[in-house]
Amino acid sequence: MTDCHFLFQSEARISIVIPAYNEEQRILPLLQKLGSLRTPAEEIELIVVDDGSSDRTSDLCRQEISNQFPKGKLIMLESNSGKGSALRAGIAAVSSPVVITMDADMATDLSAMEPALRGLQAHHIVVGSRTIEGSETQGISSIRKCITTGFSLFLRFLTRYKISDTQCGFKAYRSPVAKALFSSSRVKGFAQDAEILDLGHRHDCSILEIPVRWTSVPGSKVNLVRDSLSSFLEFIWYRLNSGRRKLIYGISLLKNGTEGIEDEKGIFEFFPPESIYIRCGSKIEILMPDIARSEIEKIAEAVYTKFPDCEAHICSRTLRDLASIKN
Ligand code: UDP
Ligand code: MG
C-alpha cells in the first residue's frame, strides 16, 4: 500500500478522548487546562464520553465544550459500561489524524502531549509510562504499585511485548490504527489497555514508551481487589479468543471515466463516523470497522444511488495493511 494515504474529515490537528464516569469533581480543571494549551482549541477535536454518569458530568462538559472547543463533542452512553467501552465509543468518533486518550482526573501531566505527538511521527502508538527512566510519580500507594507491577509481569509472561506500564491512562495513536484496534477490542473494563497493546504488537504496529509525570488524584473509580481480578480474567478471556484474524470490510469508490472523485465532502457525510478513508491513486477506500460484510453490501446499494457516476466494490484490509500506510 505504498502509494496510499489516509484522508481525514476534520480540520482539527489532534483529537483528545476522555472517558468520564461520575467526574463532576475532577474533570473541569482538565478541560480548562486543555483550553489554555499552546495548541489553539480550534485545532483540537475534544471528545468526552460520559460513561452513564449519574452526577452532573455531562452538563458540566457540555457547557465547557460549547464555551471553549468549537470542534468538541460529548458522547453519552446510556448506562455505565466500563472505561474500555467508553474509549471505544470515543475513538469511533475521531475524525482527525492523531488521537490522545487521557483520564478525566489529569493524573498524567499534560507536558507529555508534545513528546507523544512527536513520537507518533515514527511510531503507531505512544504509551505513557510511570516506571521507565525519567518518569515521576507522586502519591501512588504501595499496594497499588505492587498490583500494577504484578499485572505488568503477568502480561509479559502471556505476551511478547515489553511494555513496562500498560495501565497508565495516557496514550496516543495514529487515528486509523486506533480505530482498527479499538473496533477489534472486546474488553469492557480496565484490561482493555493491555488488550489493545497486544493486538497492536501482533499486527506490526510500532509502540514507543515515553516517561510521564503522574500524580495520584483522590476519587479513583478503581476498586483494587475487584477490578484487578476482573482485569486479570478479562485479559485471559481475550487471549483465549484472540486467534481469529479480523478483516475490516469497506467500499472502494472509483469515478467512472475521468480522474478522481470531486465531491469528497459528500463522501465524508455519507458514511458512518467510525469510517477510515484511504486514497489509493484515483480510488478512495472507505473501511467501516464495526460493520459486518452483509451490512456493507446494503450500503453499497445505496452508494450506487448517491454517487451514480462512481463504480463501487466491496474491499477488505487487515490491521497490518493499515499499519503499513505512512501518513
Ligand atoms: N471510567 C469510565 N468508566 C468506568 C470507570 C472509570 O469511563 O466505569 C473513567 C474515569 O472517569 C477516568 C478513567 O476511566 O477518566 C480512569 O478511571 P480512574 O481515574 O478512576 O482510574 P485510576 O486512575 O484510578 O486507575
Ligand atoms: Mg485516575
Side-chain angles (χ1 to χ4, degrees), residues 15-34 46-61 64-65 73-93 99-110 112 127-131 135-152 155 165-172 182 185 187-197 212-232 234-235:
S15 303
I16 296 177
V17 172
I18 306 169
Y21 176 55
N22 287 346
E23 293 289 4
E24 65 176 11
Q25 301 292 337
R26 307 199 295 178
I27 199 166
L28 275 189
L30 171 61
L31 300 190
Q32 282 155 3
K33 190 103 189 244
L34 288 172
L46 177 73
I47 302 174
V48 177
V49 186
D50 180 348
D51 184 17
S53 300
S54 52
D55 68 359
R56 289 162 55 241
T57 299
S58 56
D59 290 341
L60 296 177
C61 292
E64 204 59 37
I65 287 173
K73 302 175 191 172
L74 172 68
I75 297 174
M76 291 174 67
L77 303 186
E78 262 170 37
S79 57
N80 179 229
S81 330
K83 179 181 173 181
S85 300
L87 281 176
R88 192 175 310 127
I91 296 284
V99 52
I100 299 181
T101 61
M102 57 180 78
D103 290 350
D105 55 4
M106 205 170 35
T108 303
D109 192 275
L110 297 186
V127 178
S129 168
R130 296 164 290 183
T131 48
S135 59
E136 287 170 34
T137 55
Q138 258 178 35
I140 189 163
S141 66
S142 358
I143 169 113
R144 197 162 169 155
K145 212 171 196 165
C146 255
I147 289 179
T148 312
T149 314
F151 193 58
S152 295
L155 292 175
D165 176 15
T166 56
Q167 297 313 105
C168 175
F170 184 94
K171 296 192 174 66
F182 279 81
S185 140
V187 171
K188 293 195 166 98
F190 290 96
Q192 192 203 43
D193 295 78
E195 178 199 25
I196 292 286
L197 295 177
V212 297
R213 284 179 17 215
W214 193 90
T215 311
S216 172
V217 180
S220 167
K221 308 293 174 302
V222 173
N223 174 315
L224 276 184
V225 177
R226 186 198 60 205
D227 290 320
S228 304
L229 191 65
S230 70
S231 294
F232 176 80
E234 273 195 307
F235 192 78

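In this text, all values refer to a predicted model and were calculated from it rather than measured experimentally. For ligands, and for the atoms within them, numbers begin at 1 and follow the listed sequence. Along the sequence shown, residues carry numbers from 1.
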Note to self: Quick check against the 3.5 Å criterion: does Ser81 have a side-chain atom that pairs as donor or acceptor with the backbone of Ser79?
What the structure shows: yes
Notebook entry, point to check: Can you tell me how far CG of Leu77 sits from CG of Asp50, rounded to the nearest 0.5 angstrom?
Noted result: 7.5 Å
Margin query: If the contact criterion is a heavy-atom separation under 4.0 Å, does Gly169 count as touching ligand 1?
Written below: no
Notebook entry, point to check: Can you name the nearest heavy-atom pair linking Leu87 to Phe182, along with the distance?
Noted result: CB-CE2, 3.8 Å
Margin query: Return the closest protein heavy atom for atom 24 (O) of ligand 1 as residue, atom name and distance.
Written below: Ser220 OG, 2.5 Å
Next item on the list: Return yes if some donor-acceptor pair links the side-chain N/O of Glu64 with the main-chain N/O of Leu28 below 3.5 Å, else return no.
Entry: no
Checklist line | Shortest protein heavy-atom distance from atom 19 (O) of ligand 1, along with the residue and atom involved | finding: Arg26 NH2, 3.0 Å
Contacts under 3.5 angstrom, residues 143-151 side chains, donor-acceptor by atom type, not counting sequence neighbours:
from   : atom 1 : to     : atom 2 : distance (Å)
Thr148 : OG1    : Arg144 : O      : 2.7
Thr149 : OG1    : Lys145 : O      : 2.6

Margin query: For Gln25, I'd like to know if atom CD has over 12 heavy atoms of other residues, nucleotides or ligands within 6.0 Å.
Written below: no
Checklist line | Ala107 near ligand 1 by a heavy-atom separation under 4.0 Å | finding: no
Item checked: Any N/O pair Phe190/ligand 1 closer than 3.5 Å -> no
Margin query: Would the distance check show the side chain of Lys221 and the main-chain N or O of Gly219 forming a donor-acceptor pair, the cut-off being under 3.5 Å?
Written below: yes
Next item on the list: Return yes or no for this condition: an N or O of Ile18 is under 3.5 Å from an N or O of ligand 1.
Entry: no
Margin query: List ligand 1 atoms under 4.0 Å from Ala104, heavy atoms only on the residue side.
Written below: 12 (C), 15 (O)
Next item on the list: Can you sort out the partners of Asp227 under salt bridge (charged side-chain N to carboxylate O under 4.0 Å, His left out), two or more places apart, ordered by chain and number?
Entry: none
Checklist line | Protein N, O or S atoms lying under 2.8 Å from the Mg ion (ligand 2), listed by chain and number | finding: Asp105 OD2
Check: Hey, which atoms in ligand 1 end up nearer than 4.0 Å to a heavy atom of Asp105?
Finding: 19 (O), 23 (O)
Next item on the list: Quick one: look up the protein heavy atom nearest atom 15 (O) of ligand 1 and list residue, atom name and how far away it is.
Entry: Pro19 O, 2.7 Å
Check: Distance-only, no hydrogens or angles: does the Glu195 side chain make a donor-acceptor pair with backbone N or O of Ser185 under 3.5 Å?
Finding: no
Next item on the list: Provide, to 0.1 Å, the distance between atom 12 (C) of ligand 1 and the closest protein heavy atom, together with that atom's residue and name.
Entry: Glu23 OE2, 3.4 Å
Next item on the list: Counting heavy atoms only, name the option from Arg144, Gln167, Lys221 that's nearest to atom 25 (O) of ligand 1.
Entry: Arg144
Checklist line | Which residues share a salt bridge (charged side-chain N to carboxylate O under 4.0 Å, His left out) with Arg26, sequence neighbours left out | finding: Glu23, Asp105
Check: What is the closest protein heavy atom to atom 4 (C) of ligand 1, and at what distance does it sit?
Finding: Asp51 OD2, 3.4 Å
Notebook entry, point to check: What is the distance from atom CZ of Phe170 to atom OG1 of Thr101, rounded to the nearest 0.5 Å?
Noted result: 8.0 Å
Margin query: I'd like to check which ligand 1 atoms, numbered from 1 as shown, lie under 4.0 Å from a non-hydrogen atom of Asn80.
Written below: 3 (N), 4 (C), 8 (O)
Checklist line | Residue and atom name of the nearest protein heavy atom (relative to atom 21 (O) of ligand 1), distance in Å to one decimal | finding: Val222 CG2, 3.4 Å
Next item on the list: Check the pair Leu197 / Leu155 against side-chain contact (heavy atoms from CB on, under 4.5 Å), numbers first and verdict last.
Entry: CA-CA 10 Å; Leu197 295 177; Leu155 292 175; over 6 Å; no
Note to self: Given 3.5 Å as the limit, does a donor-acceptor pair link the side chain of Ser216 with the main chain of Ile140, or not?
What the structure shows: no
